[in-house]
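Worksheet for the structure shown next.
In what follows, every chain begins at residue 1, and chains take the letters A, B, ... in the order their sequences are listed.
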Amino acid sequence: MDTTPHDFIRARIVRDLNDGTVKHEIITRFPPEPNGFLHIGHAKSICLNFGVADEFGGQTYLRFDDTNPLTESEGFVEAIKKDVNWLGYDWGDRLTFASDYFEQIYAFAEELVVRGCAFVCDLSAEELQATRGTLTTVGQNSPFRDRSIDENLTLLQKMKAGNFATGSRVLRAKIDMSSPNLNQRDPVLYRVIHAAHHRTGDQWCIYPMYDFTHCICDALEGITHSLCTLEFEDHRALYDWVLDNININFHPPQIEFSRLNLEHTITSKRVLRELVDQQFVNGWDDPRMPTLAGLRNRGVPPAAIRDFCRRVGVTKQENTIETELLDFCIRSDLEEKAPRCMVVRDPLLLEVTNFSGEDIRLTANWHPKLTEFGMRELVFGRKIYIDQTDFSEDPPPKYKRLVPGGIVRLRYAFIVRCDEVVKDDSGKIICLKVTYFPDSRSGNDTSGLKPKGVIQFVAENNALPIEIRDYEHLFLSKTPSSSTWQDSLNSNSVAVSNALVERTIYARSEQHWQFERMGYYFRSPGHDSEVKPVYHRTVSLSQRW
RNA sequence: UGGGGUGUGGCCAAGUGGUAAGGCAACGGGCUUUGAACCCGUCAUUCGCAGGUUCGAAUCCUGCCACCCCAGCCA
């Protein structure tokens, strides 16, 4: 089965290869800004850029777009590298930083000045904004627009030398203040910021803007296809203008695609930062976060994310993907990777009144279909636990579990009948007295009984405690607004409960598990055998009833 | 209102003049010692709308409508 994607970008690459536009290998880049963690939206871009290079035998740079020392830091660089790696991609020796090119970028700025294509502007940020014009009215030329080349060069050099205060002067491209494209209205190329940079330290006090930096870095690295999201479409004219007006011998094409939006999710770094800062979550890597680190901690396998990105496709259409698709990808990956076991969330004691003597040892497959997973031993005895929700005195229609007087199959064990419901003074059920049918043993059932349902159980003598954390969406709305996100914040996005598990899994090394009839769970790393293990719900099982 | 984009079923998405792929979801059924998985089946006479060209249009032309992005010394 051919699952290789065929989208307009890959079609473009094939065309460029066939008509000789690209004569050698395909080179792409993934250019994150190290001012936050990567999220599921970035995964789409990573899979696209690295995926395309893989498919066409090319290479991909991991290039940090670090031109704003005020918001960026080394910590984010490391987190991003870890996440890209985890997702399954390798940049080899192609790890670069925009700051690696500061010297060259500055030289191009001087070149622009010498060519009369850029000027130093003394307008304040407010004045600049006031003279930029609006969507429907043209802007006004800066009074500094016609400075001589010599004066501009001297001023630019003084900016670089640190003679001017932060924000006091900028270098602007001389393009067209009446352009209907706001980005072309003499955009700022360089600004003065007296701040230490995480890589270059105090070496610079002027920093290039994105529009000036990105195209130059792309050209310098020989990027054959510069892929970015739709909001940069208006910037393409500037991208091209810069490369057309400096002496550089390569001009990558910028190609835009629509970013990924997910229901119940916000992928705005600003909002994610607020969630972290205001402690609505426990950090960027909280399992509820849509960050790659968060998804990893929830137990989402990288292969599932790659599959998800593949199924989502690449187009220029705005889209909001249903969370069901991501869930589907996670389940289908875990279905054949996760061993099964039985867990009881809210234990309800069953006393098997006709059972006495030694516990019975039973065996069960770790996986219902994949025999290579092997088997484990189960215990059945006089006292066992089932989930409270698997018993009902007042069952809804089509209820298939245990009811007073009814029978149910205990998975991999025996059929039991509920004879008596024992309650305390307050009416709370404390125990169920049941009878088991010795001839109904799994695999050797001669009882002739046909219970409607099967439920999981753990024998008291085989139970060990664990903590499970069940997660829900962070936002109630399918399309939470990044400006009013607090309004739809889910105050019950995590439910912590104590549960009982078959004791054998304490010693197992697997992290991914399917707790039968409950969902896929992920054992939190960092919990050794001394303490009660914590399991995060990666995704529930699909429930069609 | 200027500019840049996008409109194919609930959500994605193929399709590039020859008579609407596929996935997710949903629904119906089968199988089942996980209400899981798996298997079968159903799900756009129609492609934002209106005209036009053509033997034939989602695909070409004209007009209109809707939605998204742009007025950071952020990226």
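- For A/E233, the listed nucleotide lying nearest its side chain is B/G4; candidates were B/G4, B/C73, B/G35.
- Counting to the nearest Å, the P atom of B/U33 and the CZ atom of A/R441 are 18 Å from each other.
- Contact of A/N181 with B/G4 (side chain to base): no donor-acceptor pair of N or O atoms is detected under 3.5 Å.
- Close to B/A36, at under 4.0 Å from its OP1 or OP2, lies no side-chain N or O of A/R331.
- Counting any heavy atom pair closer than 4.0 Å across all strands shown, A/L123 reaches a base atom.
- One can find a donor-acceptor pair under 3.5 Å joining the base of B/G10 and the side-chain atoms of A/E322.
- Contact annotation for A/P451: no contact, since no heavy-atom pair falls under 4.0 Å across all strands.
- Closest to the side chain of A/Y399, out of B/G35, B/G3, B/U33, is B/G35.
- Closest approach of A/D7 to A/V314, counting heavy atoms only: CB-O, 3.4 Å.
- Computed from coordinates, the A/L171 CG to B/C73 C1' distance equals 11 Å when rounded to whole Å.
- When heavy atoms are screened at a 4.0 angstrom cut-off, A/H235 is found touching base atoms of the nucleic acid.
- Spacing between atom CZ of A/R310 and atom P of B/A13 amounts to 14 Å, rounded to whole angstrom units.
- Nearest to the side-chain atoms of A/R236 among the listed nucleotides B/C74, B/G5, B/C24 stands B/G5.
- Contact record, A/V501 with A/C341: CG2-SG, 4.3 Å, taken as the closest heavy-atom pair.
- Donor-acceptor pairing under 3.5 Å is recorded for the side chains of A/D218 and A/Y239.
- Going from atom CD of A/Q456 over to atom C1' of B/U32 covers 17 Å, rounded to whole Å.
- Side-chain proximity of A/T320 to B/C70, B/C12, B/U34: nearest is B/C12.
- Of the side-chain N and O atoms in A/R132, none sit less than 4.0 angstrom from OP1 or OP2 of B/C70.
- Of all nucleotides listed (B/A75, B/C73, B/C38), B/C38 comes nearest to the side chain of A/K369.
- Map A/Y520 and A/N444 each onto its nearest nucleotide of RNA chain B; the residue landing nearer the 5' end is A/N444.
- Atom CZ of A/R340 and atom C1' of B/U33 are 14 Å apart (whole Å).
- Atom CG in A/L230 sits about 20 Å away from atom P in B/A75, given to the nearest Å.
- For B/A37, its base never sits under 3.5 Å from the side chain of A/H367 at any donor and acceptor pair.
- Residue A/I321 is classed as a sugar-phosphate contact, given heavy-atom separations below 4.0 Å to backbone atoms only.
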Could you go through the ring pair (Phe, Tyr, Trp, His ring centres under 6.0 Å) check for A/F64 and A/F76 one step at a time?
-> CA-CA 10 Å; A/F64 286 92; A/F76 289 127; over 10 Å; no
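- Taking the centre and axis of the six-membered ring of A/Y106, the NZ or CZ atom of A/K160 falls inside the cone set by 45° and 6.0 Å.
- For A/L135, the side-chain atoms get nearest to B/C70 when compared with the rest of B/C38, B/U33, B/C70.
- Taking the centre and axis of the six-membered ring of A/W513, the NZ or CZ atom of A/R340 falls outside the cone set by 45° and 6.0 Å.
- A donor-acceptor contact under 3.5 Å links the side chain of A/R409 to the base of B/U33.
- Within the 4.0 Å cut-off from OP1 or OP2 of B/C73, not a single side-chain nitrogen or oxygen of A/Q129 is found.
- Stacking of A/R172 on the aromatic ring of A/F119 is not recorded, the 6.0 Å distance cut-off and the 45° axial limit not both being met.
- With both pairing distances under 3.5 Å, B/A66 is matched to B/U6 as a Watson-Crick or G-U wobble pair.
- With a cut-off of 3.5 Å on both Watson-Crick or G-U wobble distances, the partner of B/U59 is given as none.
- The side chain of A/R191 approaches B/C73 more closely than any other nucleotide in the set B/G35, B/C73, B/G2.
- OP1 and OP2 of B/A37 both lie 4.0 Å or more from every side-chain N or O belonging to A/S332.
- Residue A/R401 is classed as a base contact, given a heavy-atom separation below 4.0 Å to a base.
- Contact check, A/R517 against B/G35: a side-chain N or O comes under 4.0 Å of OP1 or OP2.
- Aromatic ring centres of A/F457 and A/F414 lie farther apart than the 6.0 Å criterion allows.
- The distance from atom CD of A/Q184 to atom C1' of B/G2 is 14 Å, rounded to the nearest whole Å.
- Considering only side-chain N and O atoms, A/S542 lies under 4.0 angstrom from the phosphate OP1 or OP2 of B/A37.
- For B/A37, there is no paired base (Watson-Crick or G-U wobble, both distances below 3.5 Å).
- Of the candidate nucleotides B/U34, B/A14, B/A25, B/A25 has the atom lying nearest to any side-chain atom of A/F328.
- Considering only the side chain of A/D7, B/A14 comes nearest among B/U34, B/G30, B/A14.
- Under 4.0 angstrom from either OP1 or OP2 of B/U8 there lies at least one side-chain N or O belonging to A/Q317.
- Of the listed nucleotides (B/U34, B/A37, B/A13), B/A13 has the atom at the smallest distance from the side chain of A/T315.
- For the pair A/L326 CG and B/C12 C1', the interatomic distance rounds to 13 Å; values are reported in whole Å.
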